[in-house]
Amino acid sequence: MPDLGIVLSLLVIGVGLLWLLIRSLRGQEVERRVIFVFILVAVAAPILFPVTFQEHATPVVKRLFDFIDSLPAGSVVLVSLDYDPAMAPEVQPMTNAMSRHCLTKGHKIVFMGLWATGQSILMSTLQDIILPDFPNIVEGKDFVNVGYKAGNEGVLNVIVTDFKKMFPTDVNGTPLDSTPIMADIRSCRDFDLILSIGGGRPGAKEWVLFVGDPGNVPIGVGVAAVTAPQMYPYYPQQLVGILGGVKGAAEYESELAHRYPRFAHTDQPGLRMMGPQTLAHVVIMAFIVIGNLAFFRGKKVRRT
Amino acid sequence: MRRLIPLAITFVVGTVLIVSVFTPPLENIERTFTLFFDIIAVFAFFLGGGNLLRVHISKLRRRKQDWGFSVVTIVGFLGMLMIGLFKLGGSGNIAAPVDETGSLFYIIFDAVLVPLQSTMYSLLAFFVASASYRAFRAKNREATLLLIAAFVILLGRTPFGTMVSGWIPEWLSIAQIPNLAIWIMNSPNLAGQRAILIGIGLGVISMSLRLILGIERSYLGDDNA
Amino acid sequence: MDHFALWLAAFFTLGIYSFLYKDNPWYKLCEAIFVGISAGYWVVTLFWDNFHGKFWVHKFEDWWLWIGAALGVLMLMRLFPKIGWISRWALAFIVGATSGLWMMNYFSSNIMRQVQDAVLPLFGTGFEASFGAILANIVVAVGTIAGLVYFFFSKEHKGVFGGTARVGILFLMVTFGASFGYTVMGRMSLLIGRIDFLFSDWLGLIR
Amino acid sequence: MPLTCPTASGGSRSIRNLKPLQFIVCALLVVGSLGQVNAQSDSTILFDSAMNALAPVTSLLAADHKYDNGERIDLSWIPSIDDQPVNGKITGYGVYRLTNAGNPALIADLPSGSSTFSDDNVEPGSDYSYYIVARSAYESAVSVRTAPLSPQREWLNLNRGFLFLIAALISAAVIYFVQSAKRGKKLFVRKISGLEAIDDAVGRATEMGRPVLFIPGIHDMDDVQTLAALTILGRVSRTIADYDTKIFMPVARSLVMTAARETIKASYQAAGRPDAYSDDMVSYVTDEQFGYVAAVDGLMVREKPATVFLLGSFFAESLILAETGNSVGAIQIAGTARPAQLPFFIAACDFTLIGEELFAASAYLAGEPRQLGSLKGQDVGKAVAMVVIVVGALAATLGEAWDISFMQNIYHWLSSVFSSN
């Protein structure tokens, strides 16, 4: 049934574009509203009838994946969720995929956040992703949630030398010194990897400047597409890898599903969103091509 | 006099701030002046908010077209003002921040402003499409480059980028669309950005000097006489 | 309550989207609500953060804050036409502060920093750079110079100078095209988020 | 800062990367070098540490923080050699301070591995002396005390010397050309097409009997781009006053409203038509970014302006506004210094002022010699930047590729000059 739906929508879009092409070649301009309808259909159809495309991890993503994959079991990874609900659709898939990957490999995760508006996300990530998929893991031993602390870069400045000064307890009030994960962790330098996921400020860039560089800790980031170009200058020296936008998430998810088939059937929001994303891109590119064909056609007609 | 005093104020304040960059004992003056600005902005709000009310009340009085919507705006504005200033419907703790979770102020923000903001923001998706349809035409050399760069990047962000150029051999991997997209972002794009940024820096210096030295005074009601 | 909020959000979402077809009362209603409530929201936030938090709380220990308040009061003199011109003093203060402050800020971040980043060995240390990196370095250097030439105001764009300026504008065009293409993706995710909300949270069509 | 170890080649390397044998050698070298620095006080304790007692920190130095307001003293030391990443005994360090030879007070607790601390709670005129206590689970070791030191207030920040010189050079160039233009020297300024179009655009609105819409960005007066927009508004509103066209200007900030009213009023006065001015030309909408956009979009569709100016600081709303303006058939002149938004203006508007052109616009429009002179001064800045980039890149390339030390020196000097900020 979904297959039929998507075939139908693709057909509608295809025929529509063809109709537009013919119209344009005859010299009739396309109205804005028509373009709007096309975008709406291109985005809505693949959400209703999910389509997924094959994704291959590009080097920036693959390097981070391989790094996590090659850490010995029992390594401690700090995952910082630096975003709010508005940004979540784009970057939450990265948090899910990377957390799953770490836990599968037997790494321990410390969750934290720098955004006041992101506190609820920390909770729901744990409730909805960690616990259902990994029934056997134990809080305090396999993961710990230290929550949010106000202070932006100031927080980073402190935890790079003394983690427990900023986070003496986890969100439940358990002293970190009494948890097996945190017993040996004094500062950010003691983590085997830090993952910052977000797209605003404070975020990936601040982690690199305030923690990665002074503390000499490997850092991997997942950022919104708009922020990604600003992160490229830090790769590969200061960053292990970058997941940029939904595409980055999708690449990571497909790599994860490829290496660990048990995840092939979990929800892959990144790959799921790539459907509408790709279709919308294709429609825009088709419009550009049609616009240019019409333009050249018009020029020729005028000349003769 | 009416003109001289403002010009003198601008000159002194601007000069002090420039000097403070090089003078450690003046370092904090920047923070102080920023505080002043924030305080002035609050006072100015009497003028802004008052203007908003005046415009809509006069629409209402004269029963101008769409005056009904003006009523909605006035009610929304005053309602939110009351709720926020008197911290109505919250935990009842007057010392709590106005936007603490669970307060009426926060609930309205969450239920009304958040969906409106994100929907308005998402309109961009439609406008990005209509703008690219219109703007990306190979009218001349400049427009053609604009078009090609945008197209390569667009293609590079979809799985088709890999598909279309997968046949290109490894030694020419730079020509594969995804790599080419990254190269454009990191090289010509970087060059253009840098030239723009340096230009902006110089533009700001020159304009600031014109303002501080009183050469530019159109904002003060003097048509460069 | 949750149910009500859900329907409210859907009402606003569709109301705003209806504008894409044409201006209509539904959109006007959303607009009126948006303007009224958000303006109120900002007055309240400014009042508590700036007036209360930055001035009122510290009014005794930091006497100089009263200068700011005095300037604010000068601003209000606009309400009295006779002495309205006094508000220009406050305005003059703001103009001076903004230009002084940003002049040096832009100078160090936009000029010093960018020039410093632009000065680098094109071939890497001891030719260790790859062919691609060398090409990229040269392109960046040439592009930056040509771009700067384009911005020259006091020289006519003629001859070699004009040619370089034209190369500069080509670089700028590639920059704009690339940034545009790159952002399309992020913009689409926003729409996907809204449509996802309508289909799954509101209508319950997916799962 | 990681603990470092002097090596035979003269450099130093992080102690974490050392193999056991190297580590022993390294430890000996540290001990040796300490002995040289602080021989009289520490040597006995240091060699004791080879047995069992906890070793204190060594080479404790207190120094006035240079070029500040006399509010900071920097401490540095070499951590106790019992402070090791693996099986280290040290649990942390306590920093103690004696003010004016009074009683010692604990001012900071630092984790193991620390080797620097900045005390920014000091004032000029008082003397401060410090010592550090290294702690393990069972014992502690006290370092030597530093000599009393009083923080110095400096009046000039010499770290920023080059920043000052270059800024002064560019400013001097601007002022020089302003002055020489004032004395009547003729200056050439190239055409900026976006600005040439302003008169026509306003004329068009007059002919069509439709208003001009002016949007000064969404930031407040504390953004230079808003100032630039207002200076341009000064020129544009003069033309509008002369043509007797209607202008409306919804704004997102109360202060901008006040300033814009002042500006337009002045233009109308200068045009000799003060009675035609009305405060209703400028109105405040809301500070909220998208609330403002919703209202302006609505206004555009309802009022159908013939000409739209989008000048100032714009964010995501740039394209929403520009596309709506385009859909009502307005001529659009845009300009911003936010590189991320420029592509959208280029795509959707008729004319775009790119970055620097936005700031140059009002001087260009004024056409007055002094203002044009400042543009020429700006070009000097560009020339300096270009020369530095070319010379620097050449020196760097030749120096690094062929290992020519003279060139390398030029390269490193230029790098250090431009990093002084």
Side-chain angles (χ1 to χ4, degrees), chain A residues 2 5 31-50 85-93 199-200 223-230 232-233 236 244-250 267 269-270 272-285 287-288, chain C residues 2 5-6 9 13-14 16-24 27 45 49 53 109 113-114 116-118 120 124-125 128-130 132-133 136-137 140 174-207:
Chain A
E31 216 201 319
R32 280 154 49 94
R33 284 178 233 177
V34 178
I35 300 178
F36 295 162
V37 171
F38 269 90
I39 292 293
L40 190 66
V41 175
V43 169
I47 291 181
L48 276 180
F49 317 105
M87 209 189 295
E90 213 181 339
V91 291
Q92 182 69 44
V223 291
V226 192
T227 323
Q230 294 158 28
Y232 271 101
V246 175
K247 186 168 157 63
D267 184 29
R272 203 153 43 83
M273 277 170 80
M274 264 322 265
Q277 194 93 254
T278 307
L279 214 53
H281 272 71
V282 170
V283 166
I284 290 182
M285 285 191 288
F287 272 116
I288 296 177
Chain C
D2 271 359
L6 200 64
T13 307
L14 293 174
I16 297 283
Y17 282 155
S18 72
F19 181 73
L20 289 171
Y21 180 66
K22 64 181 225 198
D23 192 25
N24 63 74
Y27 175 77
T45 312
D49 285 0
S109 70
R113 192 61 223 266
Q114 291 300 324
Q116 187 203 353
D117 286 352
L120 78 177
T125 307
E128 115 290 19
S130 66
N137 286 341
V140 172
V174 172
T175 304
F176 295 143
S179 319
F180 193 116
Y182 205 94
T183 29
V184 168
M185 180 167 204
R187 302 315 188 206
M188 287 303 151
S189 342
L190 300 166
L191 179 59
I192 295 172
R194 276 339 272 169
I195 300 214
D196 209 37
F197 160 77
L198 289 178
F199 283 171
S200 57
D201 297 346
W202 183 49
L203 294 176
L205 286 182
I206 346 174
R207 266 170 295 142

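Residue numbers begin at 1 in each chain, while the letters A, B, ... track the order of the sequences.
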Contacting moiety of A:Met285, where chain C heavy atoms sit under 4.5 Å: neither

Identify which part of A:Ala44 has an atom lying under 4.5 Å from any heavy atom of chain C, answering side chain, backbone, both or neither. both

Best-contacting candidate, C:Ile192, C:Ile195, C:Thr183, against chain A by heavy atom pairs under 4.5 angstrom: C:Ile192

Would you mind telling me which of A:Val43, A:Thr278, A:Val246 has the largest number of heavy-atom pairs within less than 4.5 Å of chain C? A:Val43

Find the distance between CD1 (A:Ile47) and CG (C:Leu198) and round it off to the nearest 0.5 Å. 9.5 Å

Which one, C:Met188, C:Lys22, C:Arg187, leads in non-hydrogen pairs under 4.5 Å with chain A? C:Met188

Proximal component of C:Phe199, with respect to chain A [non-hydrogen, under 4.5 Å]: side chain

